[in-house]
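Below is one structure, written out as structure tokens; comments come after it.
Small disclaimer: the values here were computed from a predicted structure and weren't measured.
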Amino acid sequence: MAATATETGERKQRGGPSVFFLHPDLGIGGAERLVVDAALALCARGCRVQIWTPRYDPARCFSETRQLDVRTAGGWLPRSILGRGHALCAALRMVFLALHVLLLSGEEFDVFVCDQVSACIPILRLARRCKKVLFYCHFPDQLLTKRESFIKRIYRAPLDWLEEYTTGMADCILVNSCFTARVFKETFKSLSHINPDVLYPSLNINRFDITAPADVVSIVPNRKRFFLSINRYERKKNLVLALEAFHALRGRLDAQEWRDVHLVLAGGYDEAVKENVEYYEELKARATTLNIDEEVTFLRSFSDEEKIALLSNCVCVLYTPSDEHFGIVPLEAMYMRCPVIAVNSGGPLESVVNNQTGFLCDPLPTQFSETMEKFLRDPTLKKRMGAAGRTRVLENFSPDAFTEKLYQYVNSLIQ
């Protein structure tokens, strides 16, 4: 429905469309990176932007959130019940957040942008003059958890139905890759008539260009040649593959070569998230079992300065998740002229070019370690692949292209 003259006049007085992002937990991760970049992009195009979330702690968020108008509501609602029911609690928190924004915030809005949890969409559709809703699907939530028991399947059945039904109520649906678009149609059978558009995440290049790197010596001892893994401390990220590949590399090197290499596991970590705490301890125990604990550094919730220092100095990045829906880390690495060894499935198939900007391997320690050895034996390989990676990011994942496409989607909803 076209905007009325009155609505258009109101938007001009406010300085552009009002776009409100609703996100379940503004921490550190690929989804949060996209939300922050999208908010910054729309601000740059003159939109009035707010991010609403039940939980926001500036100390455990991307630094750019301090440039944005971030509001909170519903943080008092539990994230889980005795360590269970995370999906149900997330849905309830987002429903409450939507009700708060509509009924208690006193704000004017034109478009809502939601991601991860779609349960709030029916509430947002109740807004006066039926404001538009854009839903960004990183990946169907129902595919992110295992159904190991009959009780778990019973518990998840209504939540899976709710996710599919409410996702279909969005006025516009975007996905982060062609891989996710295919999984979307395979998973949400009743939405097979919908062809979601692909909007690749972009890389906030300025963040890498203007941030001064930290001293890498304070992280990696004796300036050893080190491999780097960047991912949240979650089991689905399969960080144990990096440990086992590094252990397998030991058998390919002589004693002196082994003394000169190191592995850094850097990842988002939140003590309030039980899985982060448990998996961190599991990984440390696994490193001890493999007898490589002295050659591995575990870094939790690192700063932008530390990330840039690590990317600038590592041999290459090990990206271990299988069927990752997209993954921003390969883009960050390639922009910093750092090759990537990634699993040959999911989003990396669309971001990493095999044998040009990195290598795509089966999720096996032997294949990863064989490829890691190539970089140690041929120092020119990193330089060659690094240059190709940076060019690929600038040509295909630039912030300018992302900003323009997102702004056009917002405008098309308003008009």
Compute whether any side-chain donor of one residue and acceptor of the other, for [X] and [Y], lie under 3.5 angstrom apart.
X	Y	result
H23	E32	yes
E107	S18	no
D400	S398	no
T297	H262	yes
S63	D304	yes
E350	Y200	yes
Y335	R390	yes

Nearest 0.5 Å, what's the [atom1]-[atom2] distance between [X] and [Y]?
X	Y	atom1	atom2	value
S369	M372	OG	CE	7.0 Å
L249	L376	CG	CG	6.0 Å
E234	N276	CD	CG	6.0 Å
C316	R225	SG	CZ	10.0 Å
L134	D171	CG	CG	8.5 Å
C361	N344	SG	CG	7.0 Å

S80 side chain vs H86 backbone, donor-acceptor pair below 3.5 Å: no
Exam field: side chain T72 to backbone T53, donor-acceptor pair closer than 3.5 Å: no
Chi angles and distances behind the side-chain hydrogen bond (donor to acceptor under 3.5 Å, both in side chains) call for Y409, D197: CA-CA 10 Å; Y409 283 118; D197 287 351; 3.0 Å; yes
Residues D115, V35; criterion side-chain contact (heavy atoms from CB on, under 4.5 Å); working and verdict: CA-CA 8 Å; D115 71 312; V35 168; 3.7 Å; yes
Taking every non-hydrogen atom, the tightest pair across [X] and [Y]:
X	Y	result
F188	Q142	CE2-NE2, 3.5 Å
P201	L331	O-CD1, 3.8 Å
I28	R60	CG1-O, 3.2 Å
I328	G30	CG2-CA, 4.4 Å
L360	V352	CD1-O, 3.9 Å
I230	L311	CD1-CD2, 4.1 Å

Validation row, ring centre W52 to ring centre F109 under 6.0 Å: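 W52 vs F109: aromatic centres not under 6.0 Å.
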Between F139 and H325, ring centroids under 6.0 Å: yes
Side chain to side chain contact (heavy atoms under 4.5 Å, CB included), paired with V317, selected from L310, I341, V329, N231: V329
V111 and its side chain to side chain contact (heavy atoms under 4.5 Å, CB included) partner, picked from L413, V133, N411: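 So the option named by the test is L413.
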Around atom [atom1] of [X], are there more than 12 heavy atoms of other residues, nucleotides or ligands at under 6.0 Å?
X	atom1	result
K383	NZ	no
L104	CG	yes
R84	CZ	no
Y165	OH	no

Quick check: do [X] and [Y] have side-chain heavy atoms less than 4.5 Å from each other?
X	Y	answer
P122	R125	no
K146	R156	no
L265	L299	no
P399	N204	no
R55	D270	yes
F402	L203	no
F179	S345	no
Y319	E324	yes

Closer than 4.0 angstrom, basic N to acidic O: yes or no for [X] and [Y]?
X	Y	result
K274	E278	yes
D37	R207	no
E404	R45	yes
D160	R147	yes
E108	R48	no

CA sep, side-chain torsions, deciding dist, call: E186, R182, salt bridge (charged side-chain N to carboxylate O under 4.0 Å, His left out): CA-CA 6 Å; E186 292 173 353; R182 175 174 60 79; 3.2 Å; yes
Test side-chain contact (heavy atoms from CB on, under 4.5 Å) applied to L191 and I194, step by step: CA-CA 5 Å; L191 306 182; I194 296 176; 4.1 Å; yes
Answer yes or no on whether [X] is positioned over the face of [Y], meaning its NZ or CZ is under 6.0 Å from the six-membered ring centre and within 45° of the axis.
X	Y	result
R300	Y280	yes
K374	F359	yes
R232	Y269	no

Step-by-step side-chain contact (heavy atoms from CB on, under 4.5 Å) determination, L243 to L263: CA-CA 8 Å; L243 292 176; L263 172 65; 3.9 Å; yes
Step-by-step salt bridge (charged side-chain N to carboxylate O under 4.0 Å, His left out) determination, D25 to R79: CA-CA 10 Å; D25 187 347; R79 292 162 54 90; 2.6 Å; yes
Salt bridge (charged side-chain N to carboxylate O under 4.0 Å, His left out) between R33 and E64, intermediate numbers included: CA-CA 10 Å; R33 183 71 261 169; E64 295 93 331; 3.3 Å; yes
Stepwise side-chain contact (heavy atoms from CB on, under 4.5 Å) test for R392 and Q356: CA-CA 10 Å; R392 177 162 176 77; Q356 291 185 28; over 6 Å; no
